[in-house]
Student: 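I'd like to ask you about the structure that follows.
Below, each value reflects all heavy atoms present in this structure, side chains not excepted, and no hydrogens, waters or symmetry copies. In what follows, every chain begins at residue 1, and chains take the letters A, B, ... in the order their sequences are listed.
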2 protein chains.
Amino acid sequence: MLPGSGTTSENAMTTAQKTPITVLSVDDHPMLREGIASVIGAEEDMRLVGEACNGLQAIECYRRLRPDVTLMDIQMPDMNGIDATIAIRAEFPDARIVVLTTYEGDALARRAIAAGAAGYLLKSMLRKELLATVRNVHEGRRCIPAAVANGIAQHWHESALSKREVEVLQLVAAGQSNKRIGMHLAISEETVKVHMKSILAKLNASDRTHAVTRAIERGIIDLHACGQVGGSY
Amino acid sequence: MLPGSGTTSENAMTTAQKTPITVLSVDDHPMLREGIASVIGAEEDMRLVGEACNGLQAIECYRRLRPDVTLMDIQMPDMNGIDATIAIRAEFPDARIVVLTTYEGDALARRAIAAGAAGYLLKSMLRKELLATVRNVHEGRRCIPAAVANGIAQHWHESALSKREVEVLQLVAAGQSNKRIGMHLAISEETVKVHMKSILAKLNASDRTHAVTRAIERGIIDLHACGQVGGSY
DNA sequence: CGCCCGCTAACCCGATAGGGTGATGGTTGA
DNA sequence: TCAACCATCACCCTATCGGGTTAGCGGGCG
């Protein structure tokens, strides 16, 4: 899963005595940051140089600290980890960012990689995986766990939903009818139905409800954004 | 938010020198356990005596260690935290268990409390909240954060879904039609429609899709259980 | 330059969803 | 014992959904 991790860590160890790998941890869960801090702190060749609890703070911290590796959560208030990754990489193209998330949803992973993330870790990772990924990424390698890579490969052949289709599906998840969605997006109900047909085909779903659950599973839409729509019901 | 926590911790401190509060941590995320271990370990009046990563291990650990307070995650493989709490409380009615979860879904919180949990914490908690809750619960008080209490109060008037209704909704989430659900449960399609009507009313949802998203938000059904149904599509 | 693809739109039509009404039997608890 | 609730089933009816078909328009690509 992590090719050559044995020799890798030995190499890292020998160079580490002089300059430890500096790490920035970004997560809105204090306890998880605490765990990461504890694990990183126990390694001789790494040093945790900063913590942030949302995307905006992450950008600010990165500018100030210029860490070797950034561990970035996706779901965060104010600014999510994907957008923060894009922003940081735009300013510092060499930034090495490892994205952390709870879910295996392949869409999220693809967006993270598209945003320039060098690694992708599930929060169910073991300490060994975390450390190996930090060292790998620090040395310029990309590092994607097998489980996530599988998820991506599984849906690789399927084309991604277009922007419009995601908008429609988000409204479907909020319980809107095709007619209401049409009014909301200022398009005809017929057009909404065309989008729906495309959505059902792309997600291989049997009906709109199934499409929504599959989209949530795969990280294409998120539940928290659904409630705050239309609202007139 | 945690009334009298100041004096509480002082009291705890004075008794702590003799017998520290023993804590068992149950979570399938190693990093979060690491964080909890680090926080508990830093307190003089507490001692982490064991860790488990699923409900079955939790029961086994509890029997062996008899901790004063158990920190129990809900979402876990093999056996979830609610069932583990019920099992432990059945065997040891005095067990003081604090349930941890990522989501604020009120249904989950209500089930946890019904299962006999003495406390309920979100994983976004601060270390202060964790420690205050452990001390409170150890002294026999219940401890529910304001955010969770609000969620419960908000939906208090609404009656809970019946077992059958949850079954139906779970199949709806998997994209089954009323007819197929009827066949799957060996009941008439008409009966399924009656259940649906009741579900829509209880969840105040506009259609089946909306009902599913609201149920997921509130922890009534879970997405991971949906995919593994019927499957013939 | 054509070709593909996304967004738009309209039509037909059968299947499904969801509201209304009414009825039966079992369980639970005041 | 009676009320309340759950689960079951049936019929009617309208709105909505989802499949099939056709088609105009604009942008990107070989």
Student: Could you tell me which residues satisfy side chain to side chain contact (heavy atoms under 4.5 Å, CB included) with R89(A), sequence neighbours excluded, listed by chain and number?
Tutor: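 R89(A): side chain to side chain contact (heavy atoms under 4.5 Å, CB included) contacts with T85(A), A95(A), I97(A).
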Student: List for me each residue that meets side-chain hydrogen bond (donor to acceptor under 3.5 Å, both in side chains) alongside R110(A), sequence neighbours excluded, and say none if there are none.
Tutor: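 None.
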Student: To the nearest 10°, give me the bend of the helix from dC1(C)-dG30(D) to dA30(C)-dT1(D), comparing the axes of its five terminal pairs at either end.
Tutor: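 End-to-end axis angle for the helix from dC1(C)-dG30(D) to dA30(C)-dT1(D): 50°, rounded to 10°.
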Student: Sort and list the pairs that fulfil ring-ring contact (aromatic ring centres under 6.0 Å, His included) and have at least one residue in residues 160-179 of chain B, not counting sequence neighbours.
Tutor: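 Qualifying pairs: none.
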Student: Between protein and nucleotides 25-30 of chain C, map the contacts as a letter string: B base, S sugar-phosphate only, - none, heavy atoms under 4.0 Å, written 5' to 3'.
Tutor: ------
Student: Please list all pairs passing the salt bridge (Lys or Arg N to Asp or Glu O under 4.0 Å) test where one or both residues lie in residues 55-71 of chain B, with sequence neighbours left out.
Tutor: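 Found E60(B)-R64(B), R63(B)-E91(B).
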Student: List, one per line, each side-chain donor-acceptor pair under 3.5 Å for residues 188-200 of chain A, sequence neighbours excluded.
Tutor:
unit_1: S188(A); atom_1: OG; unit_2: E190(A); atom_2: N; d: 2.9
unit_1: S198(A); atom_1: OG; unit_2: E165(A); atom_2: OE2; d: 2.5

Student: Rounded to whole Å, how long is the line connecting atom CD1 of I181(A) with atom P of dG18(D)?
Tutor: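 Distance check: I181(A) CD1 to dG18(D) P gives 10 Å.
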Student: What's the CG-P distance between L169(A) and dG18(D), to the nearest Å?
Tutor: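 Spelled out: CG on L169(A) to P on dG18(D) is 11 Å.
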Student: Of all the heavy-atom pairs spanning A107(B) and I220(B), show the shortest one and how long it is.
Tutor: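 Heavy atoms of A107(B) and I220(B) come nearest at CB-CG1, 3.6 Å.
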Student: Under 4.0 Å between a side-chain N or O of N178(A) and OP1 or OP2 of dC17(D)?
Tutor: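 Answer yes for this pair, as a side-chain N or O of N178(A) is under 4.0 Å from OP1 or OP2.
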Student: Give the rounded distance in Å between these two atoms: NE2 of H210(B) and P of dG18(C).
Tutor: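 After rounding, the gap between these two atoms is 13 Å.
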Student: Under the rule for side chain to side chain contact (heavy atoms under 4.5 Å, CB included), what residues qualify as partners of A112(B), not counting sequence neighbours?
Tutor: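 Once residues adjacent in sequence are excluded, the partners of A112(B) under the side chain to side chain contact (heavy atoms under 4.5 Å, CB included) criterion are I82(B), V99(B), A117(B), Y120(B).
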Student: Without decimals, in angstroms, what is the distance between R208(B) CZ and dT16(C) C1'?
Tutor: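 So the two atoms are 8 Å apart, to the nearest Å.
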Student: Could you tell me which residues satisfy side-chain hydrogen bond (donor to acceptor under 3.5 Å, both in side chains) with R208(A), sequence neighbours excluded, listed by chain and number?
Tutor: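 So R208(A) forms a side-chain hydrogen bond (donor to acceptor under 3.5 Å, both in side chains) with N178(A).
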Student: Who passes side-chain hydrogen bond (donor to acceptor under 3.5 Å, both in side chains) against S25(A), sequence neighbours left out?
Tutor: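 Checked S25(A) against side-chain hydrogen bond (donor to acceptor under 3.5 Å, both in side chains); zero matches.
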Student: Could you go through nucleotides 6-15 of chain C and list every protein N or O atom that sits under 3.5 Å from one of its N or O atoms, giving the distance for each pair?
Tutor:
unit_1: dC7(C); atom_1: OP1; unit_2: S162(A); atom_2: OG; d: 3.2
unit_1: dC7(C); atom_1: OP2; unit_2: S162(A); atom_2: OG; d: 2.6
unit_1: dT8(C); atom_1: OP1; unit_2: R164(A); atom_2: NE; d: 3.2
unit_1: dT8(C); atom_1: OP1; unit_2: R164(A); atom_2: NH2; d: 2.7
unit_1: dT8(C); atom_1: OP2; unit_2: R164(A); atom_2: NE; d: 3.2
unit_1: dT8(C); atom_1: OP2; unit_2: H195(A); atom_2: NE2; d: 2.8
unit_1: dA9(C); atom_1: OP2; unit_2: S188(A); atom_2: N; d: 2.5
unit_1: dA9(C); atom_1: OP2; unit_2: T191(A); atom_2: OG1; d: 3.1
unit_1: dA10(C); atom_1: OP2; unit_2: S188(A); atom_2: OG; d: 3.3
unit_1: dC11(C); atom_1: N4; unit_2: E190(A); atom_2: OE1; d: 3.0

Student: Who passes side chain to side chain contact (heavy atoms under 4.5 Å, CB included) against N150(B), sequence neighbours left out?
Tutor: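 In terms of side chain to side chain contact (heavy atoms under 4.5 Å, CB included), with neighbours along the sequence ignored, N150(B) is linked to no residue.
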Student: Is there side-chain contact between Q57(B) and D78(B), with heavy atoms separated by less than 4.5 Å?
Tutor: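 Result no, sub-4.5 Å side-chain heavy-atom pair not found.
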Student: Could you give the CE-to-P distance, from M196(B) to dG19(C), as a whole number of Å?
Tutor: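 Roughly 8 Å, once rounded to whole Å.
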